[in-house]
Amino acid sequence: MRASGLLLPTLRDAPGDAVATSHQLLVRGGFVRQVGAGLWSYLPLGFKVLQRTMAIIREEMDAIGAQEMLMPVMHPAELWRQTGRYDITALFKLKDRVGRDLVLAMTHEEVIAFHAAAEVRSYRDLPQIWYHIQTKERDEPRPQAGVLRTREFIMKDAYTLDRDRDGLDEGYAKHEVAYDRIFTRAGLEFWKVESDTGMMGGFGAHEYMAPCPAGEDRVALCQNGDYAANVELAVSVPDRPAFPPSQAPAEVETPGVATIEALAGYLGIDARTTMKAVIVVPEDARGGLVLALVRGDHRVHELKLTKALGTSFRPATPEEIRDTFGADPGSIGAVGVGDGALREVLVDDVLTDGAYVAGANRTGHHLVGVEHGRDFTGRVVDIRHVEADERCVVCGGALRIETAIEVGNIFKLGTRYAEALGATYQDENGREQPIWMGSYGIGPARILASIAEQRHDQHGLLWPLAVAPFDVWITAIGGGEALDEADRIEEELARDGLKVLVDDRALSPGVRFADADLIGVPIRVTVGKRLAKDGTVGVKLRGGDGEQSVPAGDAVRHILGVADGVPV
RNA sequence: CGGGACGUGGCGCAGCCUGGUAGCGCACGCGCUUUGGGAGCGCGGGGUCGCGAGUUCGAAUCUCGCCGUCCCGACCA
């Protein structure tokens with residue numbers, strides 16, 4: 001392909017509102033353009049990368065026996081009402097001309113269950129794996145980071161249909177194999193981490209996370225690789241401080257002390273031997289105040305607390321705290337709270353061991369020697385945020401926390417959707433049984449963007465050969481003879497399946513080299529004055545050092561060798 | 001949804017405070033020169049200054065309203 005006929009709108013400067021590296025480079029390189037908030041077009045270059053990514057996904061999905069199909073983006077609202085998902089705020093809703101309610105799908109569990117209900121009759125029809133690669137719509141409150149979080153995006157979503165939980169586990173395991181291969185082939189650094197199953201429950205889930213600074217998730221990783229989890233549900237073993245000997249709770253004066261730091265400093269004690277009181281108001285019909293307790297140096301994880309409460313919540317106001325506890329916010333504790341004053345007390349499980357300094361519910365006073373079970377009780381839950389350098393629960397190794405973007409997820413749904421939509425089969429005994437479902441998503445655009453996040457240098461992108469828009473970029477300098485030679489090399493390489501761009505644009509060589517670097521094609525060939533001088537062309541790897549001079553006649557063989565040797 | 005910022009040729013920006021009819025760099029077109037790392041000279045095209053009201057003799061500039069976009073937070077089945 002000739003560059004002169006290709007849409008290559010490269011920019012020297014990134015748009016001022018591009019913050020994430022992938023956003024800047026993909027726009028500058030002419031891969032994508034923004035149409036509106038969270039709405040993007042893929043220009044020819046970007047679409048080539050997207051298509052190669054999707055081709056890898058297709059190959060690996062087909063390899064585990066998945067069957068590709070295509071389902072509509074627009075669904076009757078009724079399907080979503082039946083599963084209780086019609087009220088999701090991020091769901092786009094619309095009406096047709098006669099007022100029928102429709103939704104724009106954010107995933108396809110409903111339609112899959114609808115088809116399963118209609119077409120699957122017998123246990124002999126199972127298992128099935130169905131997937132499609134289709135547009136998804138989500139009314140995101142805040143699209144961001146270019147192509148990383150958008151309102152419309154393409155997703156590969158697959159669904160397993162099985163007779164029972166064992167079948168689901170097998171389908172799930174197949175997807176683990178396929179996903180490992182997909183992300184590896186795409187050249188991504190990634191981790192498979194345990195993930196939250198959300199408010200919908202489910203029987204387990206993992207996310208595939210690509211580390212990158214623009215990511216919006218945090219994951220906890222063990223140094224020995226035997227534990228990896230999203231911090232939304234990650235657990236750890238915190239270090240244990242030295243506690244003072246057990247004693248009956250004793251009140252001490254702490255005038256003006258309102259923070260853990262001040263408390264530890266004032267009393268000259270380890271902050272890890274203090275207790276932090278967080279007072280929240282659940283936002284459901286029941287109302288009331290909840291006292292959530294974590295160790296002084298720990299943070300409450302909001303999603304964990306939400307799950308423990310079973311509802312969203314807001315912080316209590318200082319007035320609400322004073323009305324209920326009779327003390328200012330800095331002096332609140334669990335001991336001596338009147339019966340019925342609170343909806344409940346939540347105790348982080350770390351606090352079940354040790355004697356702590358806690359608020360006395362008397363402004364300017366704290367209690368020393370407070371012990372769980374003896375001095376206070378409550379529902380013991382995990383509500384704390386895992387921190388770096390805590391210990392792995394599996395092997396005791398050190399944990400680290402990394403920022404990452406979710407590029408895929410796998411989810412054991414169970415029978416929830418099947419039951420809601422009547423997707424059943426008859427077992428060997430003629431009994432009607434619900435179909436067990438799993439769902440498995442991959443975001444090709446996120447793969448593309450996280451490759452850009454992970455693989456770039458000061459000059460531009462460094463695509464892996466498997467998804468690069470072209471395998472080889474030939475810069476032909478000086479016109480006629482060089483261009484003829486470039487075309488000849490392209491023709492021969494094409495016979496071996498390599499995608500080649502011949503840059504014949506009437507631009508100075510410097511500009512064209514800079515574009516080639518920015519666009520990040522893995523193998524670079526220069527056909528220029530050395531062709532006439534000594535019959536050689538230049539070959540180099542993007543990101544590699546040094547160009548090799550190769551006789552033009554050996555160029556094709558040499559390039560093929562280089563292509564074989566390029567690491568993923 | 002709460003907080004903040006920004007909207008001026010395709011991209012990056014100045015002009016706004018202090019009102020007088022729009023400018024710079026890159027990109028683009030033409031000509032000549034140049035051709036192995038973002039070339040030089042000359043000529044040239046392109047802007048409802050986000051939209052709508054208002055104030056004023058006069059608004060990119062001041063006032064009000066709306067729209068859009070980005071960032072932080074919340075949200076994210």
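So you know, we letter chains A, B, ... as the sequences are listed, proteins then strands, and number each from 1. Not measured: the values here are computed from a predicted model.
- Backbone-only engagement by A:Ala37 is indicated by non-hydrogen atom pairs under 4.0 Å involving sugar-phosphate atoms exclusively.
- Side-chain nitrogen and oxygen atoms of A:Gln144 include none within less than 4.0 Å of the OP1 or OP2 phosphate oxygen of B:U69.
- At a non-hydrogen distance threshold of 4.0 Å, A:Arg28, A:Gln34, A:Gly36 from residues 28-36 of chain A come into contact with RNA chain B.
- Judged as a side-chain contact (heavy atoms from CB on, under 4.5 Å), and not counting sequence neighbours, the contacts of A:Thr83 are A:Arg85, A:Glu110, A:Tyr417, A:Ala420, A:Leu421.
- A:Ser508 meets the side-chain contact (heavy atoms from CB on, under 4.5 Å) test with A:Val511; sequence neighbours excluded.
- The side chain of A:Arg85 sits closest to B:A77 out of B:G36, B:A77, B:G38.
- When distances are taken from the side chain of A:Val511 to each of B:A74, B:G36, B:G38, the shortest belongs to B:G38.
- One side chain, A:Glu207 or A:Asn230, offers a donor N or O that lies under 3.5 Å from an acceptor on the other.
- Taking the side-chain contact (heavy atoms from CB on, under 4.5 Å) definition, one finds that A:Tyr86 meets it with A:Ala77, A:Trp80, A:Arg81, A:Leu91, A:Lys93, A:Asp101, A:Val103, sequence neighbours left out.
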Provide a list of protein-nucleic acid N or O atom pairs under 3.5 angstrom, restricted to nucleotides 6-13 of chain B.
residue, atom, partner, partner atom, Å
B:C11, O2', A:Asp13, O, 3.0
B:G12, OP1, A:Gly16, N, 2.6

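- Counting any heavy atom pair closer than 4.0 Å across all strands shown, A:Val19 reaches sugar-phosphate atoms only and no base atom.
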Name the atoms and distances for all side-chain donor-acceptor pairs under 3.5 Å in residues 11-18 of chain A, with sequence neighbours left out.
none

